[in-house]
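Each remark here refers to the structure printed beneath this line.
A, B, ... follow the sequence lines: proteins, then strands. Residue 1 opens every chain. In what follows, every heavy atom counts, from backbone to side chain, and hydrogens, waters and symmetry copies are set aside.
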There are 2 protein chains.
Amino acid sequence: MTLRELAVASSAKTLETLRGDIVRRYEELSPRLQQVAKYVLENPNDMALQTLAVIAERCEVQPSTIVRFAKTFGYEGASDMQELFKDEMLTQAPSPSYAERIRQFSRRAGAAGALAPQDVMHEFADSNILALEHLKSSVRKADLERAVEMIAGASAVYIVGLRRSFPVASYLAYALRHVDKRAYLLDGVAGMLAEQSTMLTSKDLLIAISFQPYAAETVEIVGSTREQKARIIAITDSRLSPIAAASDLVFEIKDAEVRQFRSLTASLCLAQSLVISYAFDMEKRGRVR
Amino acid sequence: MTLRELAVASSAKTLETLRGDIVRRYEELSPRLQQVAKYVLENPNDMALQTLAVIAERCEVQPSTIVRFAKTFGYEGASDMQELFKDEMLTQAPSPSYAERIRQFSRRAGAAGALAPQDVMHEFADSNILALEHLKSSVRKADLERAVEMIAGASAVYIVGLRRSFPVASYLAYALRHVDKRAYLLDGVAGMLAEQSTMLTSKDLLIAISFQPYAAETVEIVGSTREQKARIIAITDSRLSPIAAASDLVFEIKDAEVRQFRSLTASLCLAQSLVISYAFDMEKRGRVR
DNA sequence: CAACTAGTGAAATAAAAATTCCAGATGCTA
DNA sequence: TAGCATCTGGAATTTTTATTTCACTAGTTG
């Protein structure tokens, strides 16, 4: 079947349908056309604003290929297809000024009324950004370095985080394994949490993650780990948290909170940073050795 | 004094300064040129996207007048001035090149040799912030609303996300349960992933989360779910991802990436927003009833 | 392995767009 | 009101941009 034959009778009339068409037919496109497809999906703005020659260059393709692509999807030519992208830009361009956006923001912050999903998302994104800014300024350099040392010095890392903290814990376990650190997630599958935690020895490290309301099991594990003389890093929301007292190192993380719902962004960012820093550290030592 | 003489030696280099120039010199412009000035100030988008002929017609002026206008403000020609408007659009439009920026950001910071943990953390925080900004501008209102509807309409929500995506999946399951939505996490404990997924019926919703390299199991589950006629929401990194094609709704999320390590911030923020929006929606319906 | 087919790059051509030019209109000054 | 300077519309020209064509490559089928 030739590409020409593939051409659909009528071209998509909105960007959304075009996107759908492209995705649906992606597999059957020729390699060059796939290149274009990818670029089109990821850089709609360029399609609207640039000339064919420029787009072609960025796709690493000939201009004629772009024309072929357009025809494949039922357009007269590339210009015809570009119209669509221009329209899209015009209709959704943030032409209304910043002032308007600010007003929307304050309105949403104030009234507790019904919020559109988009408003909710913006609110979340904004407060997560705040939380990250706070993280940057509140975590101490020395603490980070010490944490990396502790990870490097441990023969294995055990991680516990239940309920709300579970995503952070699972991320940590996953990431540590990826940088070749032995990491075990105490996940309590089959109610074996206590049993899982008895495996810790004095050469191991426990990373415990817990936020209000602190899960009793996590607190318990921190306690018993203490007795086994293993080292403990706590990621929690207060120095007064029940897991803080028994820990060797405490990261106090203030995560974003929007109407009761706390976020995990800052905690995850910290987790990520620890893992990567550890990886760098290993790399450095490896080279030195 | 002729218009030619009025021309300033050097053209404005940003839209903002050009705007200033236009306003300042408005009075001394000839009537036709004032017409153009007015239009330019009020329809910057057209300046970026339309041809001279179109703009001229909308100003009720000859194309040559637009050229004169551009020259009056020190540009080579109208095309030269249009560049400025296009640039403006690219930088402040919800540009998918944010994805590119996020990647570049990390590359830049990565160039310097061994980084201290704190530097790593700052780098992560900053690129997560970028990713969140991108999220805000790239996710479409209508998609969010549709997602909420789909969640509300489902008799149960199944969630699959393995490996790197697992934290997001587990968070979603946790959060949905907290707002009293029946949610099941397909976690593959005891190798029962396929068995777990056979439980889906046509009244259910599957939320699948997968990023490159796409976990084969997730792709498989999406496929079999499709056959069972359940609805599917995909959270993934490209419209061309193997789970996108079979999905009813696709969220394309560009998360931060620092040296191979991708973050989950944006995905989590989206997950959060969906859950809370759903909760609000329920609340609203409840009140109406 | 010859004959065909689809896909591709590059050059040729066509189309469209931008720019320049000029003749006439307008309004001002002497 | 004659003379001058500026402005303006529209046609002519130039430049840029899009499209078509064609020859070559690679892969497939009989």
Without decimals, in angstroms, what is the distance between B:Glu57 CD and C:dA17 C1'?
15 Å
Is the phosphate of C:dA10 approached by A:Gln62 (side-chain N or O, under 4.0 Å from OP1 or OP2)?
yes
Under 3.5 Å, which donor-acceptor pairs do the side chains of residues 47-65 of chain B form with other protein atoms, sequence neighbours left out?
residue : atom : partner : partner atom : Å
B:Thr51 : OG1  : B:Ala53 : N            : 3.4
B:Thr51 : OG1  : B:Val54 : N            : 3.4
B:Arg58 : NH1  : B:Asp46 : OD2          : 2.7
B:Thr65 : OG1  : B:Gln62 : O            : 3.4

What closest approach, in Å, do B:Leu205 and B:Ile233 show between heavy atoms, and which atom pair accounts for it?
CD1-CG1, 3.8 Å
Any salt bridge (charged side-chain N to carboxylate O under 4.0 Å, His left out) pairs touching residues 222-231 of chain B, not counting sequence neighbours?
B:Arg226-B:Asp248, B:Arg231-B:Asp248
Using five base pairs at each end, measure the axis-to-axis angle across the helix from C:dC1-D:dG30 to C:dA30-D:dT1 and round it to 10 degrees.
10°
May I have the distance from B:Glu60 (atom CD) to D:dG9 (atom C1'), rounded to whole angstrom?
14 Å
Could you state the atom-to-atom distance from CE of B:Met81 to P of C:dA18 in whole Å?
11 Å
Check whether any side-chain N or O of A:Ser30 sits under 4.0 Å from OP1 or OP2 of C:dA6, and answer yes or no.
no
If the condition is salt bridge (charged side-chain N to carboxylate O under 4.0 Å, His left out), which residues does B:Arg32 pass it with, not counting sequence neighbours?
none
Whole angstrom value for the distance that separates P of D:dG10 from CZ of B:Arg32:
10 Å
Quickly work out the A:Phe69 CZ to C:dG7 P distance and round it to whole Å.
14 Å
B:Phe69: which residues meet the ring pair (Phe, Tyr, Trp, His ring centres under 6.0 Å) condition with it, sequence neighbours left out?
B:Phe73
Quick one, give me the B/S/- string for nucleotides 12-27 of chain D, reading 5' to 3', where B means a protein heavy atom under 4.0 Å from the base and S means that only happens at the primed atoms, P, OP1 or OP2.
-----SSSB-------
Please enumerate all residues that pass salt bridge (charged side-chain N to carboxylate O under 4.0 Å, His left out) together with B:Arg163, with sequence neighbours excluded.
none
B:Phe251: what forms a ring pair (Phe, Tyr, Trp, His ring centres under 6.0 Å) with it, not counting sequence neighbours?
none
Return the set of residues passing side chain to side chain contact (heavy atoms under 4.5 Å, CB included) with B:Ser277 (not counting sequence neighbours), or none when no residue passes.
A:Pro117, A:Val120, B:Val148
